[in-house]
Amino acid sequence: MSMFGQVFVKNNQYKLKGNFHHLTPNTPIRNADDGWKLLGVTNPRDMTYMHSYGGEAIFFESLSQGKLLATRCDGQGCDSQGIIYQPFRIHCPDCLGKNTVIDMTDNAKKTAKIHTFMVCERSGAFNLLNKPIKFINIEFAGVATILMSYLSIGEPSFGMRVVPIFKTSGPTFTILDLSWVPEGTKVEQLPEGFSF
Amino acid sequence: MITFSKQQLKIPRLQRPVYLVTAGQSKFDRAFPDKRTEELCIDAFTMAAKLLDISPAELKRSIHTCYYGHFADHFGDQLLGESVIHDRLGLDPLGNVGVKTGGATGGSTIWEAMKAVASGYSDCVLAMGWERMDEVPTDEGNFLISCAADKDWESPLGHIYTGYYAVMAQRYWQIFGKSEESFRRTLAEISVKHHGYARFNPFAHAPMKITVDDVLKSPVIAYPLRALDCCLMSVGAACTILCDEDTAFKLTKNTKNKPLRIWVAAGSHSLRPADRQHMEIPLLPHETADQYKDLGERFPGGDRYPGFTGFLAARMAAYYGYGMTGITNPLEDLDVVELHDAFTISDVQTYEDVGLRPYGYGRDYVESGDCYHTNPHTGKPGKLPSNLSGGLIGCMHSVGATGIMQTFEIATHIWNRWEEFHGDEKIWKDFNREKPSDWTNLQVVGAKRGMAISHAGVGSHVTSTILMDPDHLIKKDA
Ligand SMILES: [Zn+2]
């Protein structure tokens with residue numbers, strides 16, 4: 001049993017442990033309709049990437065701590081001064097200054113509403129969510145943008161009030177650590193690992 | 001609120017006229033287990049030469065620069081695939097460059113090619129596009145497509161691009177479609193139309209004789225969208241050749257191809273729909289701000305623009321394109337269009353973005369019969385037929401080639417050669433496809449001007465490609 005590839009950073013360099021790829025042989029692709037003549041070959045490959053969240057790392061770390069962070073441009077004289085961005089934007093798209101990080105967990109708990117949604121019966125390979133997936137796009141009071149996420153409980157509808165839940169136990173450190181449930185959902189109903 | 005500066009709203013101007021002289025395409029299909037991509041590209045190129053009654057070698061002697069549209073390297077597992085194709089076409093040592101703008105790659109490739117000619121850098125340019133989407137199983141293909149969404153904020157959510165798009169469809173469906181059964185049937189009619197027109201196109205990947213009920217009974221992908229509402233995942237190649245005036249008339253002399261004037265314009269909008277902010281509707285020449293004042297009253301929830309219901313990129317591509325060519329009302333000024341019907345509902349959204357109908361009323365373009373080759377209500381020619389190729393739903397979506405296939409189709413109408421390339425028994429036979437006994441000639445009689453819209457995903461990139469018979473320009477100095 002090989003070990004999953006794992007990484008940490010020391011002295012600003014990636015340090016790797018475990019297996020980052022697995023060897024699988026090529027096999028021929030043959031034509032059953034034409035004397036099993038050779039048409040091609042399979043090229044199996046299995047790789048692990050090392051991806052930096054850069055200035056967004058704090059957003060993903062905070063999800064695991066039950067906090068939803070956003071950003072705001074506080075640039076003096078910027079046309080977008082005061083605009084709050086969720087998705088979290090490291091820089092203001094207008095003045096390109098560094099945005100201020102703000103905690104909008106309370107705002108989300110009090111004002112989050114479904115702008116639109118989609119119940120999706122299919123997924124691509126490597127999907128980790130239960131199907132059907134209930135995609136929701138969420139508006140917040142005072143926020144200029146509309147966040148995409150998924151609803152863990154209930155059936156979505158336009159205008160429905162939802163509250164955020166966070167995977168604080170066994171977090172994946174991806175956007176999947178943030179999900180939503182209808183307002184009034186009880187803590188016992190939450191999916192495993194999630195809390196308000 | 002998003003606003004534009006005067007400089008940003010400048011109507012683009014070409015340094016000299018650009019002409020499309022020929023185009024060609026391969027067969028389109030879900031998979032080609034027996035062909036390499038270069039073989040498909042050579043098929044397309046050979047056809048383009050044949051339309052000019054010259055050999056591929058002769059055509060190559062005129063070419064000076066090459067633009068290659070190929071979106072998803074990871075599908076074909078080959079970086080610099082453009083270089084492979086360029087070498088196999090025997091076009092070294094000419095300068096070449098790859099273009100990638102998602103679903104709009106084909107249109108963007110022609111956009112770049114046009115600029116090379118317009119600037120004077122080259123007198124004759126190849127724009128070739130292709131996509132290889134058959135080297136992985138479909139679910140892995142969906143995963144690879146989802147990589148075109150934001151990798152941290154969207155893709156992990158199911159790795160299914162259709163879902164990211166479909167939330168927008170849902171919003172349109174409920175706000176502008178009012179969740180009406182009649183609107184759902186109108187969407188189904190688009191699928192029936194596009195699969196149906198594909199039956200008369202030997203190149204097409206998914207010809208089907210189906211009914212509205214067949215569409216409504218097909219499996220749900222993401223409600224209200226069903227399997228038959230969605231575009232294809234195809235393999236194939238298409239190309240076109242753009243020239244300056246002298247070269248264009250030289251290459252087409254004594255051929256059936258008249259050089260056609262070509263303009264391409266482009267727009268963009270956020271990769272993540274999540275980042276869209278409210279703004280005023282940019283107006284097309286035949287619209288007024290007044291007509292949208294009470295949009296939110298007529299369609300409650302419809303006052304946020306573009307919100308999740310419009311494509312700003314398509315609107316801007318139309319704004320620039322109409323400005324360049326003098327189009328004031330596309331429904332009146334154009335004779336045929338090919339739109340990017342990734343989904344039936346996005347086809348309707350596009351009618352509004354490009355001004356075939358005002359915002360909120362896209363469905364009327366179908367319900368009136370205007371979009372058909374022959375209007376089913378009157379039996380007379382449709383006012384502005386769309387997607388006679390079968391579009392992305394019926395003909396193909398071989399991403400890098402799609403915008404070029406659309407342009408090929410528009411050109412064949414203006415050349416009055418549509419019947420030749422779609423009705424010829426030999427083409428049907430070469431592709432091992434059966435020509436239907438009720439095959440119908442979809443040539444738009446007297447077509448002089450047309451447009452193709454090439455569109456990426458949730459609307460990150462859109463191009464408008466406008467073709468005109470040079471004797472039927474709207475603006476003399478365009
Ligand atoms: Zn700013």
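Proteins come first, then strands; the chains are lettered A, B, ... in the order of their sequence lines, and each starts at number 1. All values below were derived from every heavy atom in this structure, side-chain atoms included, with hydrogens, water molecules and symmetry-related copies excluded.
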Worksheet item: Which bit of Ser80(A) is near chain B, if near means a heavy-atom gap under 4.5 Å: side chain, backbone, both or neither?
Response: neither

Practice prompt. Counting only heavy atoms closer than 4.5 Å, note whether Tyr161(B) contacts chain A via side chain, backbone, both or neither.
Written response: neither

Fill in: Between CZ on residue Phe117(A) and OH on residue Tyr223(B), distance to nearest 0.5 Å
9.0 Å

Item to complete: Look at atom CG of Asp74(A) and say whether more than 12 heavy atoms of other residues, nucleotides or ligands are closer to it than 6.0 Å.
Response: yes

Worksheet entry | Atom CZ of Arg36(B): over 12 foreign heavy atoms under 6.0 Å | no

Item to complete: Please say whether more than 12 non-hydrogen atoms of neighbouring residues, nucleotides or ligands are located less than 6.0 Å from CZ in Arg122(A).
Response: no

Fill in: Pairwise side-chain contact, Met118(A) with Pro224(B), heavy-atom cut-off 4.5 Å (strictly under)
yes

Worksheet item: CG of Leu129(A) to CD1 of Ile160(B): how many Å apart, nearest 0.5 Å?
Response: 12.0 Å

Item to complete: Measure across Ala144(A) and Arg304(B) and return the closest heavy-atom pair with its distance rounded to 0.1 Å.
Response: O-NH2, 3.1 Å

Worksheet entry | Nearest heavy atoms of Ala274(B) and Met148(A), plus distance in Å | CB-N, 4.3 Å

Discussion item. With chain B as the partner, which of Ile138(A), Leu176(A), Ile136(A), Leu128(A) has the greatest number of non-hydrogen pairs under 4.5 Å?
Written reply: Leu176(A)

Discussion item. How about NZ on Lys113(A), more than 12 heavy atoms from neighbouring residues, nucleotides or ligands closer than 6.0 Å, or not?
Written reply: no

Worksheet item: Rounded to the nearest 0.5 Å, what separation is found between the CD atom of Gln170(B) and the SG atom of Cys120(A)?
Response: 11.5 Å

Practice prompt. First locate atom CZ of Phe158(A), then atom OG of Ser179(B), and finally report the distance between them rounded to the nearest 0.5 Å.
Written response: 7.5 Å

Fill in: Residues, nucleotides or ligands: over 12 heavy atoms within 6.0 Å of Glu434(B) CD
no

Response to the item:
Of Thr145(A), Asn127(A), Thr116(A), the largest count of non-hydrogen pairs under 4.5 angstrom with chain B goes to Thr116(A)

Fill in: Lys186(A), NZ atom: more than 12 neighbouring heavy atoms under 6.0 Å
no

Worksheet item: What part of His51(A) gets closer than 4.5 Å to chain B, counting heavy atoms only: side chain, backbone, both or neither?
Response: side chain

Practice prompt. Inspect the surroundings of CD in Glu192(A) and state if more than 12 heavy atoms from other residues, nucleotides or ligands are less than 6.0 Å away.
Written response: no

Worksheet item: More than 12 foreign heavy atoms under 6.0 Å from NZ of Lys429(B): is that the case here?
Response: no

Item to complete: Give the minimum heavy-atom separation between Arg89(A) and Arg272(B), together with the two atoms involved.
Response: CG-NH2, 4.4 Å

Worksheet item: Between Asn142(B), Ile221(B), Val167(B), which shows the greatest number of heavy-atom pairs under 4.5 Å with chain A?
Response: Val167(B)

Practice prompt. Kindly compute the distance separating CG (Asp34(B)) from CG (Asp34(A)), expressed to the nearest 0.5 Å.
Written response: 10.0 Å

Response to the item:
Heaviest contributor of heavy-atom pairs below 4.5 Å to chain A, chosen from Gln174(B), His159(B), Arg171(B), Arg276(B), is Arg171(B)

Item to complete: Check the pair Ile133(A) / Leu157(B) against side chain to side chain contact (heavy atoms under 4.5 Å, CB included), numbers first and verdict last.
Response: CA-CA 8 Å; Ile133(A) 302 167; Leu157(B) 297 163; 5.8 Å; no

Worksheet item: Could you name the residues of residues 37-47 of chain A that have a heavy atom within less than 4.5 Å of a heavy atom in chain B?
Response: Leu39(A), Arg45(A)

Worksheet item: Contact part of Asp150(B) toward chain A, heavy-atom cut-off under 4.5 Å: side chain, backbone, both or neither?
Response: neither

Fill in: Of Phe60(A), Phe88(A), Tyr53(A), the residue whose pairing with Trp153(B) passes ring-ring contact (aromatic ring centres under 6.0 Å, His included)
Phe60(A)

Worksheet, complete the sentence: Heaviest contributor of heavy-atom pairs below 4.5 Å to chain A, chosen from Asp275(B), Asp152(B), Thr162(B), is Asp152(B)

